[in-house]
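What follows is a single structure, written as structure tokens, with notes after it.
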Amino acid sequence: MSEEILFDCLHAEIVNYCLDSNKEHDLATLEYIGFTTGYRLIERLTREVSRFKDELETMKFICTDFWMLIYKKQVDNLRTNNHGMYVVQDKAFRFLTRISPGTKQLEHAPKFVAFTCGLVRGALSNLGINSTVTAEVQSIPACKFHIEVNRN
Amino acid sequence: MAFCIAVIGKDNAPLYLTTSDMEQELELQYHVNAALDVVEEKCLIGKGAPESKELYLGLLYSTENHKIYGFVTNTRVKFIVVIDSSNVALRENEVRAIFRNLHLLYTDAICNPFYIPGESLTSKKFDRAVQKLMSGTA
Amino acid sequence: MSRQASRLDAKKVNSEFLTLTYGALVTQMLRDFENAEDVNKQLERIGYNMGMRLIEDFLARTSAPRCLEMRETADRIQQAFRIYLNIQPTISNWSPASDEFSLVFDSNPLTEFVELPPDLTNLRYSAILSGCIRGALEMVQLEVQCWFVQDQLKGDNVTELRVKFVRRLEEVIPAGED
């Protein structure tokens, strides 16, 4: 799909920009770019939907509709311990599918998931859910996003 | 004919307020604040089934001179519209339409990358469009 | 997809996602650099890199033969905007020698929702586009200059990009700009 390659290119350039060794950047900047994007995007996406009943319903929206619209697929698995911890599993995560699988590439994997961590965190934040979102890549292109809701 | 539109952010910080009648501004602000209490009641999560799954909350309350309507987005942003009671021509579906348009304008305004969430809305584009919304029914 | 989100238009959402991501990048750059001109250069550079990659996809997608002259090139660029950004700029203002033309845009998805603050008048918000055109064409051995003549973000009615042929390049792979 043409829009996909355009965005993939932009994402790759943003990753390079943030991790350029000349600057004092790191994954946090990349994550923040995702955060502010997710925050605004969810405002648009939730315009036409009815009110979310609770935290779980909000999470389900992120894992189905949100993921589908951004990543063209639903997540493969959503698990929760019902105490604010959610694990979102995507077996073929969009920004990892272009990297060749193999343990050598694993060290680069965090670069390609940081934006999405921010995206999800930003979306949740605007929906009133403060969280920490991290990603775990054990074998490319599968990825697990860990969402921990701060309930203070 | 007093007409007031207000946008209030998540933590009840006012983001935008405009009124077609500056003399009544103070009174209208009072109404907006009172309306927020009613909105809170209607939207309390965990209070059992919410009254409505709709974002539009309808008439929050009325006074002798004013009718106050409310709307809450999924992102906890509240829109309050105060209408002069003498404006009997304004029908329910027109009020809904005002909120729908306001919602569209709001989401566009916060998508300006130079806007910082939580700050007041100072966008001229937004202000112009909301003024038109007000005068369209005044 | 749930019943709720089926009301959302996927193409539109994609476009908005791009717009918002790009906006986040631009504002980040403004925090990183002291002045807008540096940001302009960065955006151009990113556009240039993207152009070099997108041209491969474009050529594969359209199996376009080599352009022999600028009029064909202009058509291809127009086609590329349609394919990748779903917009159709008009081609106009040809120079007498047919080596320079304008792309005129009624709308620009990158700038949807954007309101430029008054102190950023020398920011070329859409500089990524001019860089992209330059990078793409350089990969097919065409060196061009590309610049903004009008910008809707600055109050003009349309956004106008001017493209000028400079020279044909030798058949070597150009080094990417660093």
Side-chain angles (χ1 to χ4, degrees), chain B residues 5 7 9-10 14-18 42-43 45 49-58 71-77 79 93 96-134, chain C residues 2-9 11-33 35-36 39-40 42-43 46-47 107-129 151-157 159:
Chain B
I5 291 183
V7 177
K10 291 181 204 301
L15 300 179
Y16 176 87
L17 186 137
T18 187
K42 286 201 169 208
C43 291
I45 296 186
E51 291 193 17
S52 154
K53 289 213 86 178
E54 280 197 281
L55 305 181
Y56 174 66
L57 296 176
F71 183 105
V72 181
T73 69
N74 265 315
T75 54
R76 302 278 179 282
V77 174
F79 303 134
N93 63 341
R96 277 175 187 273
I98 291 173
F99 279 114
R100 265 184 65 82
N101 285 325
L102 192 56
H103 197 181
L104 285 167
L105 293 173
Y106 172 77
T107 46
D108 283 355
I110 69 139
C111 285
N112 176 16
F114 298 103
Y115 170 73
I116 299 174
E119 290 194 346
S120 339
L121 286 161
T122 52
S123 154
K124 290 195 176 58
K125 201 159 111 184
F126 179 78
D127 186 48
R128 272 198 306 266
V130 174
Q131 297 300 331
K132 265 171 74 175
L133 205 59
M134 287 217 309
Chain C
S2 78
R3 196 168 45 88
Q4 303 225 65
S6 54
R7 284 182 262 180
L8 293 161
D9 174 358
K11 239 182 158 56
K12 191 151 156 294
V13 171
N14 267 309
S15 176
E16 291 170 354
F17 184 38
L18 185 76
T19 302
L20 293 172
T21 304
Y22 184 71
L25 175 66
V26 174
T27 48
Q28 179 62 44
M29 283 184 174
L30 285 165
R31 282 191 286 274
D32 293 338
F33 292 97
N35 63 72
V39 176
N40 293 339
Q42 284 289 319
L43 290 174
I46 285 181
S107 68
N108 176 0
L110 293 180
T111 58
E112 205 182 351
F113 321 130
V114 178
E115 288 175 68
L116 215 57
D119 59 339
L120 284 176
T121 45
N122 53 344
L123 176 69
R124 274 177 270 125
Y125 188 92
S126 308
I128 198 176
L129 294 178
D151 192 346
Q152 281 171 316
L153 275 189
K154 300 188 182 163
D156 296 318
N157 284 336
T159 297

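Numbered from 1 within each chain, the chains take letters A, B, ... in sequence-line order. Values below: every heavy atom of this structure, side chains too, minus hydrogens, waters and symmetry copies.
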Problem - Exercise: identify the closest heavy-atom pair between V114(C) and N112(B) - result: CA-OD1, 3.6 Å

Fill in the blank from the handout: Assert top hit (heavy-atom pairs under 4.5 Å, partner chain B, pool T19(C), T111(C), L30(C), T27(C)) equals T27(C)

Problem - Neighbour count above 12 (heavy atom, 6.0 Å) for N157(C) CG - result: no

Problem - Nearest non-hydrogen partners of E115(C) and K124(B), listed with the distance - result: OE1-N, 3.8 Å

